[in-house]
2 protein chains.
Amino acid sequence: MKNYLCDNAHEVEKNIPDDTTASELADFLKIFADMTRIKILYALLDMELCVHDIAMILNMEQSAISHQLRVLRQNKLVKVRKEGKSSYYSLNDSHIHEILIRGYEHISE
Amino acid sequence: MKNYLCDNAHEVEKNIPDDTTASELADFLKIFADMTRIKILYALLDMELCVHDIAMILNMEQSAISHQLRVLRQNKLVKVRKEGKSSYYSLNDSHIHEILIRGYEHISE
DNA sequence: CGCACATATGAACGTTAACTCATACGTTCA
DNA sequence: TGAACGTATGAGTTAACGTTCATATGTGCG
């Protein structure tokens, strides 16, 4: 069993992100790698929406939306504003906005 | 139970990608949303590598690497060149190259 | 040919993750 | 205060996914 590498092995290794970095990047991408969350984020592109309205628009259960909003909230992608009985969600900052726009560019290729 | 939406509902809906589009985007991002695949792709950034060497560099079993290379291959992110006993993998095109570079930029924020 | 090496692949296993259901919490209003 | 509404959340179910193990396929070499 060969247990050595080609001469360029060290050159390759310098490109590979370490475990924590790779894990963080993977976790970040996992947030966007879900159809429901993608739809929610694009729904919030122009304006804030309450949970009930998102559920109506996406034709999904309120509970499912609430669970996914929790994920987005915990990862700082959206923020909440409570008013009366409702919770209004919106994109956390323009950074997320830009990422979604880029996503659209990729889709239309 | 309220079953109507705010006046801007139709404006929101135009932003939301349809099911197939959202699903395709999610599936595309899922490929990158895994630590092992991320490492493999970055390992291939500068040069082609055979399965055994990737397994050595990432300190993982050959079988695990082979399975993940299959995923990357089926999604056209890498290509194979067979020579002798070995299979040499490399990034499929410069497009993937560019995506990974951008990923690095995001990491270092 | 027979053996070692390199890779691919199917089955099994454990884990993660998304949805549903039931329910709790909080708010508004009669 | 009690009912209706909006939201959050824990438990349970199911499906998808990544890894390991065992094994098959393929190549080169003595």
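Per chain, numbering begins at 1; letters A, B, ... match sequence-line order.
- Here the P atom of nucleotide dT7(C) and the CD atom of Glu48(B) are 12 Å apart, to the nearest Å.
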Self-check item: Reading 5' to 3' through nucleotides 20-25 of chain C, protein heavy-atom contacts under 4.0 Å coded B for base, S for sugar-phosphate only, - for none
Solution: BBB---
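- Two residues are said to be in side-chain contact when any heavy atoms from C-beta on lie closer than 4.5 Å; Leu44(A) and Ile54(A) meet this criterion.
- Contact between the side-chain N/O atoms of Thr36(A) and the OP1/OP2 oxygens of dC19(C) is found at a separation under 4.0 Å.
- With sequence neighbours left out, the side chain to side chain contact (heavy atoms under 4.5 Å, CB included) criterion links Leu29(B) to Phe32(A), Ala33(A), Leu25(B).
- Spacing between atom CD1 of Ile40(A) and atom C1' of dC19(C) amounts to 12 Å, rounded to whole angstrom units.
- Residues forming a side chain to side chain contact (heavy atoms under 4.5 Å, CB included) with Asn59(A) (at least two apart in sequence, or on another chain): none.
- For Asp19(A), the salt bridge (Lys or Arg N to Asp or Glu O under 4.0 Å) partners two or more places apart in sequence, or in a different chain, are Lys39(B).
- One can place CG of Leu58(A) at 15 Å from P of dA18(C), the figure rounded to the nearest angstrom.
- Within the 4.5 Å cutoff, no side-chain heavy atoms of Val12(A) are placed close to those of Asp46(B).
- Only Arg70(A), listed by number, bring a heavy atom of residues 68-76 of chain A to less than 4.0 angstrom from any atom of DNA chain D.
- The stretch residues 77-89 of chain B touches DNA chain C through Lys85(B), Ser86(B), Ser87(B), Tyr89(B), each having a heavy atom under 4.0 angstrom from the strand.
- Evaluation of the side-chain hydrogen bond (donor to acceptor under 3.5 Å, both in side chains) rule for Arg70(A) yields no partner, not counting sequence neighbours.
- Counting to the nearest Å, the C1' atom of dA16(D) and the CG atom of Asp27(B) are 11 Å from each other.
- Nucleotide dT19(D) holds its P atom 8 Å from the CD1 atom of Ile65(B), rounded to whole Å.
- Rounded to whole angstrom, the span from the NE2 atom of His52(B) across to the P atom of dT7(C) amounts to 7 Å.
- Tracing side-chain contacts under 4.5 Å through hydrophobic residues (I, L, V, M, F, W, Y), one reaches Ile96(B) starting from Leu45(B); they form part of the same cluster.
- With sequence neighbours excluded, the residues forming a side-chain hydrogen bond (donor to acceptor under 3.5 Å, both in side chains) with Glu48(A) are Arg81(A), listed by chain and number.
- Partners of Lys79(B) under the side chain to side chain contact (heavy atoms under 4.5 Å, CB included) rule, at least two apart in sequence or in another chain, are Ser90(B), Asn92(B).
- Taking 4.5 Å as the limit, some side-chain heavy atom of Tyr89(A) sits within range of a side-chain heavy atom of Val51(A).
- When side chains are defined from C-beta on, Met47(A) counts as touching Glu11(B), because their heavy atoms get closer than 4.5 Å.
- With rounding to whole Å, Asp53(B) atom CG is found 9 Å from dA6(C) atom P.
- A heavy-atom distance below 4.5 Å is found between the side chains of Ile31(A) and Leu72(A).
- Every residue two or more places apart in sequence or in another chain that forms a side chain to side chain contact (heavy atoms under 4.5 Å, CB included) with Ser86(B) is listed here: Cys50(B), Tyr88(B).
- Note on the helix from dC1(C)-dG30(D) to dA30(C)-dT1(D): terminal axis deviation equals 0°, with five pairs used at each end and the result rounded to 10°.
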